[in-house]
Amino acid sequence: MNVSICTISFRHSLQSIEQLAHWSAEHGFDGIELCGAHARNLHSSPELNGQWLQSYGLSVPLISDYLPLHQEWESIFPPLKSLITLAERWQTNKLRIFAGDLGSQQISSDQRNHLVKQLRRACHYAAEHGRQILVEIHPRTLCDSIPSTLQLFGEVNHPALKINFDVLHTWESGANINRAFTELRPFIEHLHLKNVHNRSDLDVFLPERVFQASASRKGMTSLFHGVIDYDAFLSEHDLTGLNASLEWFGAHPFEVLQEDNRKLRAYRKEKLYH
């Protein structure tokens, strides 16, 4: 398993991509997951690209962004085309989006059919350019439960559609994490790793809170100190060849990411020799 940081962890601090690349390489990370907004804001610095990042021994496992799948194709195509261009620049073949912005119990059948149609079309365009579309297990989307996620994959029925398996949000859905991972494994291309103290703290990850600079981060915790037993999860599954990102939204990102990666590296080393 290759482990990356996310630029989204530094959304409220003043850090350049050069600083993040240097720090990530120095502390044993394998890559940097780029937030779409951050990637777009590097437009004026074309010398910063995938080849440049490789000089640090790093790669971009995926670019995380959004597509307005509830709209018509004329509104979806421009941001999708832009994402493909960013993926080419940063030499990644994975684009993370969300499966809409309505949960499986809130969306109407007509709305769902429309989203499925647009997602299939987006996958077709991405595949023509050698890219994959990753939908994330996440509340308030069609991937808010394992049954709805499997239904979506059957409806879209396109080989370019894959999963970003967010461990915490899978647990949040009420699913058994290990069973869900096994069931979805044929589609999983990436993992997001984060943790929380208690189920009652899950609201801390709501978009309207997590992206607000002044909002409380109470409830967020480092990977191995929360309610999700990552030791058990990592021991249960062979994650060889998969990429994972430490998706930290709280304070002191450098310290927390360094400590979590240190423990992950010890775990990976133990798996390697056993």
Peer 1: Mark yes or no for whether Asp144, through its side chain, and His138, through its backbone, hold a donor-acceptor pair below 3.5 Å.
Peer 2: no
Peer 1: For the backbone of Arg262 and the side chain of Arg265, can you confirm whether one donor and one acceptor N or O come within less than 3.5 Å of each other?
Peer 2: no
Peer 1: State which residues pass ring-ring contact (aromatic ring centres under 6.0 Å, His included) with Phe10; sequence neighbours excluded, sorted by chain then number.
Peer 2: Phe254
Peer 1: Without swapping roles, check the side chain of Thr141 against the backbone of Cys143 for a donor-acceptor pair under 3.5 Å.
Peer 2: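 Indeed, once roles are kept as given, a pair shorter than 3.5 Å links the two residues.
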Peer 1: Quick one: does Asn261's side chain have a donor or acceptor within less than 3.5 Å of a partner on Leu257's backbone?
Peer 2: no
Peer 1: Relative to the ring of Trp52, is the ring of Tyr56 parallel (under 30°), tilted (30 to 60°) or perpendicular (over 60°)?
Peer 2: perpendicular
Peer 1: Let's go through Glu183 and Arg179 carefully: what are the C-alpha distance in whole Å and the side-chain angles of both, what is the deciding distance for salt bridge (Lys or Arg N to Asp or Glu O under 4.0 Å) to 0.1 Å, and is it a yes or a no?
Peer 2: CA-CA 6 Å; Glu183 194 168 11; Arg179 284 201 296 267; over 6 Å; no
Peer 1: Is the backbone of Asp166 close enough, under 3.5 Å, to the side chain of Thr170 for a donor and an acceptor to pair up by distance?
Peer 2: yes
Peer 1: According to the side chain to side chain donor-acceptor pair (under 3.5 Å) rule, which pairs have a member within residues 89-102, sequence neighbours left out?
Peer 2: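 Sorted pair list: Gln54-Gln91, Arg96-Glu136.
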Peer 1: Side chains of Asn2 and Phe29, heavy atoms from C-beta outward: is any pair under 4.5 Å?
Peer 2: no
Peer 1: Indicate the ring-plane relationship of His237 and Phe181, choosing parallel, tilted or perpendicular according to the 30° and 60° boundaries.
Peer 2: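 If you compare the ring of His237 with that of Phe181, the planes turn out tilted.
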Peer 1: Is it true that a side-chain atom of His190 and a backbone atom of Leu242 form a donor plus acceptor pair closer than 3.5 Å?
Peer 2: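 No.
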Peer 1: Could you tell me whether a side-chain N or O of His38 sits under 3.5 Å from a main-chain N or O of Ile17, the two making a donor and an acceptor?
Peer 2: no
Peer 1: Verify the neighbour count for atom NE2 of His27: are there more than 12 heavy atoms of other residues, nucleotides or ligands below 6.0 Å?
Peer 2: yes
Peer 1: Does the side chain of Ser9 come within less than 4.5 Å of Glu247's, by heavy atoms?
Peer 2: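 A side-chain contact under 4.5 Å is absent here.
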Peer 1: Going by the angle between their ring planes, with limits at 30° and 60°, are His129 and Tyr125 parallel, tilted or perpendicular?
Peer 2: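 Rings of His129 and Tyr125: tilted, as their planes differ by 30° to 60°.
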Peer 1: Is the shortest side-chain heavy-atom distance between Ile97 and Leu119 below 4.5 Å?
Peer 2: yes
Peer 1: Would the distance check show the side chain of Asn198 and the main-chain N or O of Asp201 forming a donor-acceptor pair, the cut-off being under 3.5 Å?
Peer 2: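 Here the side-chain-to-backbone pair does not exist.
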Peer 1: Could you check if a side-chain atom of Phe224 sits within less than 4.5 angstrom of a side-chain atom of Asp229, using non-hydrogen atoms only?
Peer 2: no
